[in-house]
Amino acid sequence: MNNSTRDRASRALRDRITDAAVELLINEGVAKTTTVAVQKRAGVSRGALLHHFPSRAQLLASTIERLVRLNEQQITSSFLNGADPAKDLEQALIALSDTMAEPSYLAEMELWTISRNDAELRDALYQAEKAARFDFDRVVGEVLQYWKTHKNYQLMADLSVEFLRGVAFSDLLRKRPEYRLRMISLWVDVIKKSLET
């Protein structure tokens with residue numbers, strides 16, 4: 001087996017392990033995404049798993065790029081069925097909010113939460129999120145493109161993302177879509193007033 005073939009096989013195995021971890025995170029949550037469970041789901045040996053991911057923190061961090069990509073696809077597909085987000089700020093934010101209520105996004109936020117007491121995981125997640133940030137910002141920029149020329153665009157975009165993350169966390173307990181939509185509507189009023197200045 002030459003080096004090129006070996007490298008492809010190694011990447012394929014790493015991808016299979018990461019895919020198994022992503023599936024478990026989305027469907028079962030962080031607590032059940034153990035290295036043993038991932039190993040079984042991926043159908044790999046313990047040695048193969050540890051060769052690619054020496055720690056659980058590295059394994060969990062490897063899922064971030066996939067989760068971000070899934071969330072990006074969900075944002076894009078949600079626009080196909082709704083109003084033009086470039087002209088309707090409220091619909092754009094609802095689409096972002098809907099995506100943040102999806103299991104793949106909640107899995108990403110769950111990783112953030114457990115990293116609070118795990119320095120290794122926190123560092124690995126920070127690096128993975130930093131690498132994926134460009135893609136996320138690009139998608140948000142597409143969603144809010146109509147306002148990109150405004151001097152306060154970046155501030156409003158960043159505040160909107162933080163606001164919607166908070167709403168997604170709150171919605172885990174409330175499960176009241178009407179409350180979420182009302183909060184978004186009020187937030188749109190705040191943004192519009194800010195953009196008028």
Side-chain angles (χ1 to χ4, degrees), residues 15 17-38 41-42 53 56-82 85 90-144 157-187:
D15 286 346
I17 294 168
T18 300
D19 287 343
V22 168
E23 287 174 24
L24 280 167
L25 277 171
I26 291 172
N27 298 319
E28 305 290 336
V30 172
K32 293 185 179 176
T33 306
T34 63
T35 53
V36 172
V38 172
R41 169 92 42 126
F53 302 104
R56 182 172 183 246
Q58 291 172 343
L59 173 62
L60 292 175
S62 76
T63 65
I64 291 294
E65 184 184 339
R66 304 281 170 85
L67 291 170
V68 168
R69 197 177 319 129
L70 275 172
N71 295 330
E72 178 182 332
Q73 290 166 354
Q74 288 167 352
I75 291 170
T76 303
S77 67
S78 70
F79 290 158
L80 298 177
N81 301 323
E90 190 159 343
Q91 285 304 311
L93 294 181
I94 288 171
L96 280 172
S97 179
D98 287 347
T99 299
M100 291 178 179
E102 290 289 328
S104 58
Y105 195 87
L106 296 175
E108 187 178 341
M109 290 197 298
E110 190 177 358
L111 287 174
W112 296 4
T113 303
I114 67 158
S115 73
R116 182 176 73 92
N117 294 315
D118 186 331
E120 183 185 9
L121 177 59
R122 187 169 58 250
D123 184 57
L125 282 171
Y126 176 77
Q127 297 304 324
E129 287 285 350
K130 190 174 170 185
R133 179 70 195 225
F134 175 80
D135 286 330
F136 184 74
D137 286 347
R138 179 182 49 76
V139 171
V140 171
E142 288 171 8
V143 172
L144 303 176
D158 291 344
L159 286 172
S160 294
V161 168
E162 297 299 333
F163 166 77
L164 292 173
R165 281 182 181 141
V167 169
F169 266 122
S170 296
D171 209 37
L172 285 173
L173 295 178
R174 282 195 192 95
K175 296 290 185 198
R176 287 172 40 208
E178 68 284 354
Y179 178 82
R180 177 171 62 100
L181 294 176
R182 188 165 65 86
M183 290 295 101
I184 291 171
S185 183
L186 291 170
W187 180 244

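Numbers for residues simply follow the sequence, beginning at 1. Keep in mind the model is a prediction, meaning the values are calculated, not measured. Basis for what follows: all heavy atoms, side chains included, without hydrogens, waters or symmetry-related copies.
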Enter the distance from [X]:[atom1] to [Y]:[atom2] here, rounded to the nearest 0.5 Å.
{"X": "Gln91", "Y": "Leu96", "atom1": "CD", "atom2": "CG", "answer": "11.5 Å"}
{"X": "Glu178", "Y": "Met183", "atom1": "CD", "atom2": "CE", "answer": "11.0 Å"}
{"X": "Thr99", "Y": "Ile94", "atom1": "OG1", "atom2": "CD1", "answer": "12.0 Å"}
{"X": "Gln58", "Y": "Asp123", "atom1": "CD", "atom2": "CG", "answer": "10.0 Å"}
{"X": "Ile64", "Y": "Thr18", "atom1": "CD1", "atom2": "OG1", "answer": "11.5 Å"}
{"X": "Leu70", "Y": "Arg66", "atom1": "CG", "atom2": "CZ", "answer": "9.5 Å"}

query: Sequence neighbours excluded, which residues qualify as side-chain hydrogen bond (donor to acceptor under 3.5 Å, both in side chains) partners of Asp118?
result: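 For Asp118, no residue satisfies side-chain hydrogen bond (donor to acceptor under 3.5 Å, both in side chains) once neighbours in sequence are set aside.
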- request: List in chain and number order the residues that pass side-chain hydrogen bond (donor to acceptor under 3.5 Å, both in side chains) with Thr63, two or more places apart in sequence or in another chain; answer none if no residue qualifies.
  value: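 Expected list: none.
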message: Taking side-chain contact (heavy atoms from CB on, under 4.5 Å) as the definition, give me every residue that meets it alongside Ala124, ordered by chain and number, with sequence neighbours left out.
response: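 Result, side-chain contact (heavy atoms from CB on, under 4.5 Å) vs Ala124: Ala61.
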task: Report the residues that fulfil side-chain contact (heavy atoms from CB on, under 4.5 Å) with Glu23, sequence neighbours left out, ordered by chain and then residue number.
output: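 Partners of Glu23 under the side-chain contact (heavy atoms from CB on, under 4.5 Å) test: Asn27, Arg41.
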Pairs meeting criterion ring-ring contact (aromatic ring centres under 6.0 Å, His included) with involvement of residues 163-187, two or more places apart: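 For residues 163-187, and leaving out neighbouring residues, the ring-ring contact (aromatic ring centres under 6.0 Å, His included) pairs sorted by first residue read Phe163-Trp187.
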Measure the shortest side-chain to side-chain distance between [X] and [Y] over non-hydrogen atoms and say whether it is less than 4.5 angstrom.
{"X": "Glu120", "Y": "Leu60", "answer": "no"}
{"X": "Arg182", "Y": "Leu186", "answer": "yes"}
{"X": "Leu67", "Y": "Ile26", "answer": "yes"}
{"X": "Lys32", "Y": "Leu24", "answer": "no"}

task: Tell me, please, which residues at least two apart from Arg56 pass salt bridge (charged side-chain N to carboxylate O under 4.0 Å, His left out).
output: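 Expected list: none.
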task: Evaluate side chain to side chain contact (heavy atoms under 4.5 Å, CB included) for Ile184 paired with Leu164, printing each intermediate quantity in order.
output: CA-CA 8 Å; Ile184 291 171; Leu164 292 173; 4.0 Å; yes
Verdict with reasoning, Met100 to Val161, per side chain to side chain contact (heavy atoms under 4.5 Å, CB included): CA-CA 10 Å; Met100 291 178 179; Val161 168; 4.2 Å; yes
- prompt: If you look at every heavy atom in Glu90 and Ser185, which pair is closest and at what distance?
  reply: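 Residues Glu90 and Ser185, closest heavy atoms: OE2-CB, 3.5 Å.
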- prompt: Can you find a side-chain donor-acceptor pair between Arg180 and Ser97 that sits under 3.5 Å?
  reply: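 Ser97 and Arg180 do have a side-chain donor-acceptor pair below 3.5 Å.
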query: What residue among Val38, Leu59, Thr35 forms side-chain contact (heavy atoms from CB on, under 4.5 Å) with Phe53?
result: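 Only match with Phe53 under side-chain contact (heavy atoms from CB on, under 4.5 Å): Leu59.
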field: Main-chain N/O of Gly166 paired to Ser170 side chain as donor or acceptor, under 3.5 Å
entry: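 Between the backbone of Gly166 and the side chain of Ser170 there is a qualifying donor-acceptor contact (under 3.5 Å).
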